[in-house]
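On a predicted model such as this, the values are computed, not experimentally measured, just so you know.
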Amino acid sequence: DLRVSADNTRVMLTSDIFDISKMEDAWFNAYIVRKGSVYSFLVIPDKYKMIYVLYDGLNDSRNPLNYEEGETLYLYDATKRGNSFDGWYSTSSMSSDDKITSPIVAPDYSITLYAKWNPNIYNISYNIPTGVTHTNPSTYTYGTTTTLSDAEKTGYEFLGWYTDDEYINQITEIGSDEIDDKFLYGMFEPKVYSMIYNLNGGVNNDKNPSTYTTDAEVRLYDANRDGY
């Protein structure tokens, strides 16, 4: 089947009468050839298509959408959130032998190019006091969720990870759609311990505390006992 252009000078192949695996949707210059009483089309390619498989990426507007045979074609990198572009490939398997090096000389058929992506790896830095231990990673990969474990410090209660030094925005994970390096702040508060007095019949001083924390200096006052 052929579809004729409005000016009757070109046709488009619309079925598999011809080998359209290489010429699909390409316009052709049309010439009528008479063979006895039979008329047939002789088709000469006009423009071929450049088809891009982007896998949710964004193409560069400078990349050609169609071309003529013999043209020098320059290919530009596509972009995709959280990914680095690893080149254009001629097959979906994207093996190293299929990688396309720009520029290319346009062939006499349409081309399908496949964009290859590598997820970005970002750094995670932790702002924590001396003596803190934790098992969280130093990097995370786009497209995966990184769950944050609690940090530990002797004598302190861990209150969470925050993205700001004012401890307002607390997080428990780095989501799969997050990008950029992260700088996290660990929040701690001193644990409160009980102070127990064995007075052996004496009376404690009211000024002596009933609790203490590891970051505070504790002053003790003398107890009293009659006769002592």
Side-chain angles (χ1 to χ4, degrees), residues 52-63 75-89 92 94-96 99 102 113-199 204-223:
Y52 301 90
V53 181
L54 294 164
Y55 301 105
D56 297 324
L58 181 65
N59 205 358
D60 190 298
S61 61
R62 294 171 293 178
N63 282 329
L75 299 174
Y76 299 89
D77 293 355
T79 56
K80 184 179 180 181
R81 177 181 173 84
N83 285 261
S84 297
F85 183 69
D86 193 26
W88 294 110
Y89 289 76
S92 59
M94 291 182 279
S95 65
S96 58
K99 192 169 186 177
S102 179
L113 297 181
Y114 300 83
K116 184 176 182 180
W117 303 103
N118 292 323
N120 290 338
I121 298 174
Y122 300 102
N123 295 317
I124 311 173
S125 299
Y126 301 90
N127 186 344
I128 50 179
T130 302
V132 172
T133 60
H134 67 89
T135 59
N136 290 311
S138 59
T139 62
Y140 74 95
T141 303
Y142 180 82
T144 61
T145 298
T146 301
T147 301
L148 299 171
S149 61
D150 291 352
E152 295 181 352
K153 183 179 182 181
T154 302
Y156 289 81
E157 192 77 30
F158 179 69
L159 300 182
W161 294 109
Y162 292 78
T163 60
D164 61 289
D165 58 5
E166 295 182 353
Y167 302 103
I168 295 174
N169 184 37
Q170 185 177 5
I171 63 171
T172 59
E173 65 181 24
I174 299 174
S176 60
D177 197 45
E178 292 284 327
I179 59 173
D180 299 329
D181 293 342
K182 302 298 181 184
F183 198 85
L184 303 181
Y185 298 81
M187 185 177 182
F188 296 83
E189 70 175 9
K191 289 182 178 180
V192 179
Y193 298 95
S194 297
M195 184 81 80
I196 301 172
Y197 300 90
N198 187 346
L199 295 167
N204 202 1
N205 192 305
D206 291 341
K207 294 181 180 179
N208 284 330
S210 60
T211 61
Y212 71 95
T213 60
T214 53
D215 65 340
E217 182 178 309
V218 177
R219 181 178 178 180
L220 296 175
Y221 296 88
D222 291 349

[Y] and [X], any side-chain heavy atoms less than 4.5 Å apart:
{"X": "Trp161", "Y": "Thr172", "value": "no"}
{"X": "Leu75", "Y": "Leu113", "value": "yes"}
{"X": "Val218", "Y": "Met195", "value": "yes"}
{"X": "Leu220", "Y": "Asn205", "value": "no"}
{"X": "Thr213", "Y": "Tyr193", "value": "no"}
{"X": "His134", "Y": "Tyr126", "value": "yes"}
{"X": "Leu184", "Y": "Ser125", "value": "no"}

- prompt: If you measure from the Lys or Arg side-chain nitrogens to the Asp or Glu carboxylate oxygens, is any gap between Arg81 and Asp56 under 4.0 Å?
  reply: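 Salt bridge between Arg81 and Asp56, a charged N being under 4.0 Å from a carboxylate O: no.
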message = I'd like to know if Glu178 pairs up with Lys182 as an ion pair, taking the criterion as any Lys NZ or Arg NE/NH1/NH2 lying under 4.0 Å from an Asp or Glu carboxylate oxygen.
response = yes
Starting at [atom1] of [X], measure out to [atom2] of [Y] and round the result to the nearest 0.5 Å.
{"X": "Tyr162", "Y": "Met187", "atom1": "OH", "atom2": "CE", "value": "5.0 Å"}
{"X": "Ile168", "Y": "Asp165", "atom1": "CD1", "atom2": "CG", "value": "9.0 Å"}
{"X": "Thr144", "Y": "Glu173", "atom1": "OG1", "atom2": "CD", "value": "10.5 Å"}
{"X": "Lys80", "Y": "Asn59", "atom1": "NZ", "atom2": "CG", "value": "13.5 Å"}
{"X": "Tyr142", "Y": "Ile174", "atom1": "OH", "atom2": "CD1", "value": "14.0 Å"}
{"X": "Asp60", "Y": "Arg62", "atom1": "CG", "atom2": "CZ", "value": "4.0 Å"}

**Prompt:** How would you list, by chain and number, every residue that makes a salt bridge (charged side-chain N to carboxylate O under 4.0 Å, His left out) with Lys99, sequence neighbours excluded?
**Reply:**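 With sequence neighbours excluded, Lys99 shows a salt bridge (charged side-chain N to carboxylate O under 4.0 Å, His left out) to Asp86, given in chain and number order.
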Ring centres of Phe85 and Trp117 under 6.0 Å apart? yes
(request) For residues Tyr89 and Tyr114, establish whether the separation of their ring centroids is below 6.0 Å. (result)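 Not under 6.0 Å, so no.
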Look only at the side chain of Ser176 and the backbone of Gly143, and say whether a donor-acceptor pair between them is shorter than 3.5 Å.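 Answer holds: no.
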- Donor-acceptor pair, Thr141 side chain versus Ile121 backbone, under 3.5 Å? no
Tested for side-chain contact (heavy atoms from CB on, under 4.5 Å) against Tyr140, the lone hit among Ile124, Asn120, Asn123 is Ile124
Q.
Testing the 3.5 Å rule here: is there a donor-acceptor pair between the side chains of Ser84 and Asn118?
A.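 The criterion, which ignores hydrogens and geometry beyond distance, is not satisfied for Asn118 and Ser84.
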Discussion item. Between Glu152 and Asp150, is the side-chain contact (heavy atoms from CB on, under 4.5 Å) condition met? List the steps.
Written reply: CA-CA 7 Å; Glu152 295 181 352; Asp150 291 352; 5.7 Å; no
- Query: For atom CG of Asp222, is the number of surrounding heavy atoms from other residues, nucleotides or ligands below 6.0 Å larger than 12?
  - Reply: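 Incorrect, the count does not exceed 12.
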Inset, instruction - Would you sort out whether Leu159 and Phe188 count as a side-chain contact (heavy atoms from CB on, under 4.5 Å), showing the intermediate values? - result: CA-CA 5 Å; Leu159 300 182; Phe188 296 83; over 6 Å; no
Between Leu54 and Ala78, the two heavy atoms sitting closest are CD2-CB, 4.0 Å
Across all chains, not counting sequence neighbours, the side chain to side chain donor-acceptor pair (under 3.5 Å) partners of Thr163 are Asn169
